[in-house]
Amino acid sequence: MTATAFEYHDPTTLQEALSLLTRYNGEAKILAGGHSLIPIMNLRLAQPKALIDIGKIPGLSGVREDNGAVVIGAMTTHHQVETSAVLQAKVPILPETAAVIGDVQVRNRGTIGGSIAHADPAGDFPAAAVALDLQLKVVGPKGERTIKGRDFFVDILTTALQPDEILTEIRVPAFAARTGSAYEKFPNPASRYAIVGVAAVVTVDGNGVCQRASVGLNGISGKPVAAVGVEQALVGKPLNDQTIQEAAAKAADGLEALGDIFASAEYRTHLARVFTKRALAKASGRV
Ligand SMILES: Cc1cc2nc3c(=O)[nH]c(=O)nc-3n(C[C@H](O)[C@H](O)[C@H](O)COP(=O)(O)OP(=O)(O)OC[C@H]3O[C@@H](n4cnc5c(N)ncnc54)[C@H](O)[C@@H]3O)c2cc1C
């Protein structure tokens with residue numbers, strides 16, 4: 001099967017791209033790396049009237065520091081995230097996540113903005129977007145707004161982005177001192193998509209007592225979620241094998257786990273607990 005016919009536009013300014021989105025009134029799609037959109041168009045699960053390729057708009061890719069925060073352009077590829085010296089030094093969980101996405105072709109074309117905007121429940125960056133509570137800057141006909149990572153994901157392939165909005169940049173607030181982070185996933189052996197993935201960020205005080213824990217899970221349900229029960233179980237406690245094990249046991253609490261041909265709901269629930277424990281242990285070891 002191939003995609004249905006569509007028109008193609010490659011604007012060179014954001015304003016032009018926004019005007020095109022408005023003109024097509026919800027029937028156009030932004031094209032970034034195309035590694036999720038083109039496959040679903042070929043399956044005819046998406047049949048946009050037009051593609052608006054934002055690859056020629058300057059200023060949408062790259063990593064820079066801004067007042068202690070790190071700002072990543074939406075069109076920054078997974079490979080650029082993986083190899084960014086700034087991210088490796090300041091937010092190492094993002095390069096670590098990028099490194100385990102798909103294969104080298106996917107990492108060279110796919111973009112962090114596309115991954116977050118696509119909101120595949122098995123996508124890797126969305127778990128980090130929740131754990132880091134990323135600030136997602138979007139631009140639309142009414143101007144700019146910022147959506148927090150924890151408020152962005154609505155359901156399978158559905159986000160808080162409106163059809164006439166473009167995600168332009170991702171802002172990562174600076175880590176507090178004594179913070180460690182890790183991303184652990186159980187990959188599908190064929191595609192490398194996450195059957196379950198866990199992004200964990202922990203901050204401790206000078207005595208090793210957990211001040212803040214932030215855990216994002218993907219693969220387990222229709223959208224990436226914060227493991228709030230795990231986070232609450234850790235704050236105020238010393239981070240050690242026992243407290244991590246007890247907290248990780250709550251990873252799937254309150255969630256309706258997905259079951260499909262790759263993993264049953266019971267297996268995903270088990271994986272969520274095991275990989276939460278691994279991610280927390282690794283993050284605490286890196287503080
Ligand atoms: C074989 C294969 C294996 C893969 N394995 C993995 C994996 O292991 N882990 C993983 O996380 N992903 C995986 N992917 C998906 C890959 O990471 C995609 O590149 C990514 O999910 C989408 O990014 P993109 O830039 O290709 O977006 P596109 O495919 O161009 O777009 C995806 C969606 O997001 C929208 N969009 C894109 N950018 C913006 C923007 N700036 N503003 C608003 N809307 C936007 C598009 O309109 C479209 O609806 C795999 C893909 C393939 C083909």
Side-chain angles (χ1 to χ4, degrees), residues 6 9-11 14 17-18 20-22 24 26-41 43 45-57 59-63 71-81 94 97-98 101-102 106-172 193-194 197 199 216 218-219 222-225:
F6 56 88
H9 300 271
D10 55 351
L14 204 50
L18 290 171
L20 284 161
L21 279 177
T22 304
Y24 283 99
E27 302 217 57
K29 281 273 185 195
I30 294 294
L31 176 69
H35 269 53
S36 292
L37 181 55
I38 302 299
I40 63 168
M41 285 172 64
L43 291 168
L45 295 172
Q47 301 186 9
K49 274 197 179 147
L51 291 187
I52 302 169
D53 183 344
I54 55 173
K56 287 189 182 159
I57 301 176
L60 289 184
S61 77
V63 179
V71 179
I72 310 167
M75 287 295 283
T76 307
T77 63
H78 306 329
H79 174 71
Q80 289 169 321
V81 171
L94 289 177
T97 302
I101 294 177
V106 173
R107 294 196 291 276
N108 271 318
R109 287 296 304 173
T111 66
I112 185 167
S115 172
I116 292 172
H118 189 56
D120 189 318
D124 292 297
F125 278 130
V130 168
L132 295 167
D133 206 13
L134 296 175
Q135 295 167 10
L136 305 166
K137 185 169 135 190
V138 308
V139 180
K142 293 186 198 128
E144 278 177 25
R145 64 185 180 119
T146 298
I147 310 172
K148 304 270 276 168
R150 291 198 173 204
D151 301 328
F152 189 74
F153 301 100
V154 175
D155 206 341
I156 297 181
L157 308 186
T158 309
T159 71
L161 263 180
Q162 295 302 307
D164 55 1
E165 287 180 321
I166 300 175
L167 173 61
T168 56
E169 66 183 34
I170 295 138
R171 194 178 178 91
V172 198
Y193 272 108
N218 56 26
K223 62 173 185 173
V225 285

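All values below come from the heavy atoms of this structure, side chains included, with hydrogens, waters and symmetry mates left out.
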[X] side chain near [Y] side chain, heavy-atom distance below 4.5 Å:
X	Y	result
Ser115	Asp124	no
Phe6	Met41	yes
Asp120	Asn218	no
Leu136	Leu161	no
Leu157	Leu45	no

Q.
So does Leu20 get a backbone contact from the side chain of Thr22, meaning a donor-acceptor N/O pair under 3.5 Å?
A. no
Q | Backbone N/O of Thr77 and side chain of Gln80: donor-acceptor pair under 3.5 Å | A | yes
How many angstroms lie between [atom1] in [X] and [atom2] in [Y], if you round to the nearest 0.5 Å?
X	Y	atom1	atom2	answer
Asp151	Thr146	CG	OG1	11.5 Å
Ile40	Lys29	CD1	NZ	6.5 Å
Leu31	His9	CG	NE2	12.0 Å

(Q) Looking at His79, I'd like to know if its NE2 atom is crowded, meaning that more than 12 non-hydrogen atoms belonging to other residues, nucleotides or ligands lie closer than 6.0 Å. (A)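 Atom NE2 in His79 is not packed in, count stays at 12 or less.
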Q.
Within the supplied structure, the quantity of interest is the number of heavy atoms (other residues, nucleotides, ligands) at a distance under 6.0 Å from Arg150 CZ; does it exceed 12?
A.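 Yes, CZ of Arg150 has more than 12 neighbouring heavy atoms, counting only those of other groups under 6.0 Å.
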Provide the closest heavy-atom pair for [X] versus [Y] in the form atom of the first, atom of the second, distance.
X	Y	value
Ile54	Ala17	CG2-CB, 4.4 Å
Tyr193	Ser36	OH-OG, 4.0 Å
Leu51	Pro48	CD2-CG, 3.9 Å
Gly73	Ile112	O-CG2, 3.7 Å
Ala127	Pro224	N-CB, 4.3 Å
Val130	Gly216	CG1-CA, 4.0 Å

Q: If a pair satisfies ring-ring contact (aromatic ring centres under 6.0 Å, His included) and one of its residues is in residues 106-141, list it, with sequence neighbours excluded.
A: His78-Phe125
Q | side-chain contact (heavy atoms from CB on, under 4.5 Å) between Leu132 and Leu94, worked out | A | CA-CA 10 Å; Leu132 295 167; Leu94 289 177; 3.9 Å; yes
Q.
Evaluate Thr159 against Ile116 for side-chain contact (heavy atoms from CB on, under 4.5 Å), listing each step before the verdict.
A. CA-CA 9 Å; Thr159 71; Ile116 292 172; over 6 Å; no
Validation: residues 163-172 side-chain donor-acceptor distances under 3.5 Å, sequence neighbours left out:
residue	atom	partner	partner atom	Å
Glu165	OE1	Arg145	NH2	2.8
Glu165	OE1	Gln162	N	2.9
Glu165	OE2	Arg145	NE	2.8
Thr168	OG1	Lys137	O	3.3
Glu169	OE1	Arg64	NH2	3.3
Arg171	NH1	Asp66	OD2	2.8
Arg171	NH2	Asp66	O	3.4
Arg171	NH2	Asp66	OD2	3.1

